[in-house]
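Structure first, then comments.
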Number of protein chains: 2
Amino acid sequence: MPVTLLPGPFLDFPLNPLVGRLESSAIRDMLAVAGRPGMLSLAGGLPAGDLFPVDRLARVVAGLLATDPGLALQYGPTEGHEPLRAWIAAYESLRCGREVALDQVLVTAGSQQALDLVARTLCSPGDTIVVEEPGYLGALQVLRAAGIRLVPVPVDADGLDVENLAVRLAAGLRPVAVHTVTSFQNPSGTTLREPRRRMLAALADRYGFVVVEDDPYAELCFDGRPRPPVRSFGDRVVTLGSFSKTVAPGLRVGWAVLPQPLVTPVVRLKQAADLHTSALGQAAISGLVADRRWWRGHLDTVRAGYSRRATALADALGDVFGARLTLNSPSGGMFLWGRFTDGTSTAELLPRALDRGVIFVPGVEFHTGPGGEGTLRLAYATNTPDGLAEAARRLRDAHAGLRG
Amino acid sequence: MPVTLLPGPFLDFPLNPLVGRLESSAIRDMLAVAGRPGMLSLAGGLPAGDLFPVDRLARVVAGLLATDPGLALQYGPTEGHEPLRAWIAAYESLRCGREVALDQVLVTAGSQQALDLVARTLCSPGDTIVVEEPGYLGALQVLRAAGIRLVPVPVDADGLDVENLAVRLAAGLRPVAVHTVTSFQNPSGTTLREPRRRMLAALADRYGFVVVEDDPYAELCFDGRPRPPVRSFGDRVVTLGSFSKTVAPGLRVGWAVLPQPLVTPVVRLKQAADLHTSALGQAAISGLVADRRWWRGHLDTVRAGYSRRATALADALGDVFGARLTLNSPSGGMFLWGRFTDGTSTAELLPRALDRGVIFVPGVEFHTGPGGEGTLRLAYATNTPDGLAEAARRLRDAHAGLRG
């Protein structure tokens, strides 16, 4: 029974200007269009739902609620569910060939939250962080929300151009941190090569910045051999990981491996932010990964599924565009990155593509300034090989309409 | 196969001074002691695990994963699971007698995250928020993390002393927001009376601040009649709610009802912070509350369980202390608040209580400055009536040791 109140004097609401300036992610806004009937989407960053281990998860959750419901339902420690933290510490120790202690592992609501907490811990508003260009939109957004000045450094076929970074550091650039998606980067699909990983760790030691190594795609390596993280080569590194691509993103479980001096402040900020990550999600994933034999088989299945789709899309695009479109060679992750060699502007291509029933993200969206006009990001994870072939044909028709 | 690396030059890690100053919650630190064998804890803020609807949740989750796993496992909208938001909008509309629109509802990782997002949206570092004294520690912590200046206003038997606030506003105090736990306050157990709710809403309109009405205990009303929220009486109000006390906190599902001008900035900050709240938790709770008949019965069961424990503890304390300890009359929520009338310092009582195997939180912990020396917070939710009677006897023995 709503009642009508007299309006107040319409004072403005107070607003932190940093937050007031935040813009919605362009990709999020486009996802609304991606849901139109018949639309084939190469735009979103959704992992492949048909590869989620649904039955196994259902059994684990049922077992958990039947035997130890408090573990899944009661308040838990801010740092995370201890068996899961121990599993992550062992995994990260093995992966980087150096011991990661249990207390360095913080479980977070996806690696997105880890990035938010780490950025807010390291930086005051006005501080500088180096970001990749093209770079991950979610990172740019969270760093802007914290009032951080973003300095872009280019990404080439070998990942972040660390030589370029070294020149700028030598010329006086003093970032608090460098953010890099090290394996199968979003959006470009490139992987930071090992000599650059070593050099980046050495630069962090020399100039006193922190490498924030964002590695959610590490296990989506088609060859089954995850790369040694930057943390293998130095101590001034935060590594962010996630179960969003290997299990399911809806559970919102990721993690940060923190250098010892950062553990206490980041954990306290996490406590203030949300007390702890979903206990049900943590306990469910802990139950899944505890069976190492099953987990290895599951990762093989996921890698094969992504590899098949990546190849299908690359082949289909090669068939329809030939040399007019160059692609990174798909070796892992969720994205192909294309570059038109015929002067096509992908921002101009997009509305014609939407008319034809296919959607992608123009490369300009991943730049902090101008650049990337001829490039585009193509996500293959949620499509079948047949769907990807059809998407390539629709792109061809859209391109023909634009260029004709 | 850990290898030894040469140490770096030991540059300090960069650190945001606001975050560096954060202290761990005193209650969290004490919970470690609470876990000692034989310890009876009146200290923590855990809800009653034996009242969690475990079997029902297990059935809902099993059904969900069998029929629509994508809903629980894939990325979802930042604003939250739409059927759950619609349920919350209907609940809040009914409760305050005015329409709450779907788009005003944001689902968050508990009401703790909602408070973090709202505070960061409204305030820049250095801005002022009025907090309650004694007040909720988690709120003080999250506001300090955002660099906000805290101005305490006392709580009396009728909740926040709004008349005191009015005097200070008239004298020039200009807060960005006022944070108040309106029903069965943590720690004092008091409820803001309706005339004060009206007056607070009117003051917000006159002085242009925002009331952040934190209401996680609303449904734990022993008389089954939740109070009309402050939002019933004005538009400059954010209402925070939670399923942590009515379903289970480990799912981390709460919400904010936002005035229209705050919707877009808070949602964008949430997107940067963690993309969205656990889809599994949201879908599970949505499935639970959709059965209104079951939900009403469940709330009755929970209220009766809490009421029984509150009465048992109040009776037992009355038996052992008589007039030396005054208590708020338990009418809802999770806490009794006591005040010794014989000059006992509860901070001095605590170590003797620990020796006797019982733990509580001294009232001084809930103050931003001095005060509350004779007071203490007593949480009854996780104990049986027999355990509460034993806890009262141990407190009596500790008190006798101190005073004798």
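Chain naming here is simple, since letters A, B, ... match the order of the sequence lines and numbering starts at 1 in each.
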inquiry  = As an exercise, state the distance from OG1 of B:T121 to CG of A:L15, rounded to the nearest 0.5 Å.
reply    = 7.0 Å
query = Is it true that a side-chain atom of A:Q112 and a backbone atom of B:A273 form a donor plus acceptor pair closer than 3.5 Å?
reply = no
query = Heavy-atom distance under 4.5 Å to chain A: side chain of B:T277, backbone, both or neither?
reply = backbone
task = State the CZ-CG distance between B:R252 and A:L280, to the nearest 0.5 angstrom.
result = 13.0 Å
message = Using every non-hydrogen atom in the two residues, find where A:P14 and B:R236 come nearest and quote the distance to one decimal.
response = CD-NH2, 3.7 Å
query = Which atom pair, heavy atoms only, marks the closest approach of A:G45 to B:Y75?
reply = O-CE1, 3.9 Å
request  = Please name the pair of heavy atoms, one in A:L65 and one in B:L57, separated by the smallest distance, quoted to 0.1 Å.
outcome  = CD1-C, 4.4 Å
Chain B interface, residue from A:D55, A:L251, A:L115, A:L117 that has the most non-hydrogen pairs under 4.5 Å = A:L251
A:D274, part contacting chain B, at a heavy-atom distance under 4.5 Å = both
task = Measure across A:R268 and B:Q141 and return the closest heavy-atom pair with its distance rounded to 0.1 Å.
result = O-NE2, 4.1 Å
task = State whether the number of non-hydrogen atoms from other residues, nucleotides or ligands found under 6.0 Å of A:E82 atom CD is greater than 12.
result = no
note = Answer key: most heavy-atom pairs under 4.5 Å with chain A among B:L262, B:V176, B:V61, B:L143 is B:L262
query = So which of B:D116, B:T108, B:L122, B:L64 has the biggest tally of heavy-atom pairs under 4.5 Å with chain A?
reply = B:L122
ask   = For the atom pair CG (B:L73) and OG (A:S244), what is the distance rounded to the nearest 0.5 Å?
value = 11.0 Å
query = Between B:N16 and A:R120, is there a donor-acceptor pair closer than 3.5 Å when you use the side chain of the first and the backbone of the second?
reply = yes
key: Passing option when B:F13 is tested against A:V210, A:D235, A:V238 for side chain to side chain contact (heavy atoms under 4.5 Å, CB included)   = A:V210
request  = Quick one: which of B:A58, B:A114, B:G49, B:S124 has the most heavy-atom pairs under 4.5 Å with chain A, could you say?
outcome  = B:S124
ask   = Which bit of B:A62 comes within less than 4.5 Å of chain A, counting heavy atoms only: side chain, backbone, both or neither?
value = neither
task = Please determine, among B:P47, B:G70, B:G281, B:G110, the option with the most heavy-atom pairs under 4.5 Å with chain A.
result = B:P47
